[in-house]
Each structure stands twice: as structure tokens, then as C-alpha cells.
There are 2 protein chains.
Amino acid sequence: MSTFNTLAEPNRRKLLDALVDGPQSVSALVGAIGMSQPVVSKHLKILRDAGLVHVTPDGQRRLYSVNPEPLSELDDWLAKYRELWAGRLDALEAHLHNAEDHQGDRP
Amino acid sequence: MSTFNTLAEPNRRKLLDALVDGPQSVSALVGAIGMSQPVVSKHLKILRDAGLVHVTPDGQRRLYSVNPEPLSELDDWLAKYRELWAGRLDALEAHLHNAEDHQGDRP
DNA sequence: TAGAAATATATCTATATGGACATATATCTG
DNA sequence: CAGATATATGTCCATATAGATATATTTCTA
């Protein structure tokens, strides 16, 4: 799973985080992240190749958005280990319910 | 989160996978993974430093086991993105229920 | 059509890291 | 205590990659 490799870079995770609330142009991302435009474009290419983002041309801009598919696969990978910290599937669901009011609680 | 960095290496994920069903000695892991002992020990050290495994001395052996705490944090990180592919929290719970009979179904 | 604006790409360098190999350390057994 | 066994560590090399810088490409606008 190259998803891990791609997400290993902190700035790429920042880029994803900046996209979680909706599509953004490259220059918006440059402003949000505080890196040079070429570096941002380079990271965006890597995110693209990993299928983690999706591009929509909009005139001379490119609107990037999160493509959640690889993240879903990451979630599936995690499934193997969930019972190790949640004990039971039920406990996980309880945890998810608590996540509705976003508190940093650990069972 | 250095967890991503640590898990970016495929052989380290193999090591974790080999530990999911219970503790294993280094030599058992060497046999399971098919890498040289020094390389396995090196990867185990990285997994240890990332807090992903735990060691219990057992005579001249070391028994390694998964420490799920960082994986739980990874799960929390994923939470931000879940609704992007699950749409609703309820949909996620349904997915988890389906995971009880381990099928590779995607909604 | 000639810039200007937005984005992508190419090149270079420094650094991080995986694996091979040699060796050190610790523990067990005769 | 002397080997044998299990594991860890150190060194070296090849490779991957992040960022800086320069430049190319595309699209908009006067």
C-alpha cells in the first residue's frame, strides 16, 4: 500500500487536511501550507499518483479535492488491529458514537 | 505522527502482521518474513522506537508483540476523513458490522 | 496578440534509509 | 568456564526523496 509512503510526509498530510473541508486551488494551498509553489505542486503530484487527491481544471486554476478511496483501504488495513485496542467491535462503535461530540477520550 | 513513517516500510508492516495473532521471537519473525536477522532486528528497533511493538525478554529470546496505541491514534487521524467515504457515521457502523464476516465489500 | 497569472516540470544537492556484512552482547547448556 | 544460541549494533554503500531554483506550459485579460 503506497498510501503509507505518501502519507509519511508531514506536508502532504497538511495538504490533505487543508482539503478536508472542500476543494482548493494550488495557490490557496500554497498560502495555507507556507511552502513554495513548486514544492506544493510536487507534493500534489505525489498525492495524485497515490490516488489521494483528485483534480478538476477550472480555467487557469486546478481545484484539488480529497479522494477518500485509499483512505478507506487504510481503514480496512487497520481493521486487523482494531480489536487489539478496542477489545470488542462494540467498544469501537461506542467510541465512534462518542466521536460525534469531538472529544479526545480513549477507552 | 511518526507512525506513518514507520509503517511506510512494507517489511515492517509484514512484521506487524506476523505479530497480530500473538507474540513472536525474533528468530520466528526472521523465518516468517524471510529477511536476514540483522535487518529484522533493525526494523524491530524502528517499530519499538515508534511504540508499535513491545518487547518481553524470555531467557535468551525477546518476545515481540504489537502495541496498538499508535494504531489507535492513526485511527483517530482517519476519523477526519471517514465521512468523505462513508457519508454518514451510521454508514460506517454498518460497514463495521459487515466486517464481522470478513468480506471485501465496499459500499 | 502580448503580457500576466497559475501551475507544472526539470535539475541539482543534501540527507535519510534499507540491506549486506561483520561483530558485539547476552544467555543458555554441557 | 567454554562453546552455542539468540539478538543487537556498527559500518558501508546504493538509492530514494524533499526542497531550492530556474524554466516551461497553459489560460486569462487588456
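Residue numbers begin at 1 in each chain, while the letters A, B, ... track the order of the sequences.
If you measure from atom CD1 of A/Ile33 to atom C1' of D/dG19, you get 15 Å, rounded to the nearest angstrom. A straight line from CG of A/Leu15 to C1' of D/dG19 spans 14 Å, rounded to a whole angstrom. Across the protein-nucleic acid pair, A/Glu9 atom CD and D/dA16 atom P stand 18 Å apart, rounded to whole Å.
Along DNA chain C, the nucleotide closest to B/Gly59 and the one closest to A/Val39 are compared, and the more 5′ of them pairs with A/Val39.
Residue A/His43 places none of its side-chain N or O atoms closer than 4.0 Å to OP1 or OP2 of D/dT17.
If you chain together hydrophobic residues whose side chains sit under 4.5 Å apart, A/Val53 and A/Leu63 never meet in one group. A/Met1 and B/Ile46 fall into different hydrophobic clusters, defined by Ile, Leu, Val, Met, Phe, Trp and Tyr side-chain heavy atoms under 4.5 Å apart, directly or through other members.
Formation of a donor-acceptor pair under 3.5 Å by the B/Asn67 side chain with backbone atoms of B/Gly51 is found in this model. Side-chain atoms of A/Tyr64 never come within 3.5 Å of backbone atoms of A/Leu15 as a donor-acceptor pair (strictly under, hydrogens ignored). With hydrogens and angles ignored, the 3.5 Å screen pairs a side-chain donor or acceptor of A/Tyr81 with a backbone N or O of B/Asp17.
Using a 4.0 Å heavy-atom criterion, one finds that B/Ile46 contacts the sugar-phosphate atoms exclusively.
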Query - B/Arg62 vs B/Asp58, salt bridge (Lys or Arg N to Asp or Glu O under 4.0 Å): CA-CA, chis, key distance, verdict - result: CA-CA 6 Å; B/Arg62 308 292 152 117; B/Asp58 172 45; over 6 Å; no
Enumerate, atom names and distances included, each donor-acceptor pair closer than 3.5 Å involving a side-chain atom of residues 3-11 of chain B, sequence neighbours excluded.
| unit_1 | atom_1 | unit_2 | atom_2 | d |
| --- | --- | --- | --- | --- |
| B/Thr6 | OG1 | B/Ser2 | O | 3.0 |
| B/Glu9 | OE1 | B/Asn11 | N | 2.9 |
| B/Glu9 | OE1 | B/Arg12 | N | 3.4 |

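Put simply, chain B comes within 4.0 Å of DNA chain C, heavy atom to any atom, from C/dG18 to C/dC28, going 5' to 3'.
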Query - Contact pattern, 5' to 3', of nucleotides 3-8 of chain D - B, S or - by protein heavy atom under 4.0 Å - result: --BSBB
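In terms of heavy-atom proximity, A/Pro68 sits nearest to B/Leu84 at CG-O, 3.6 Å.
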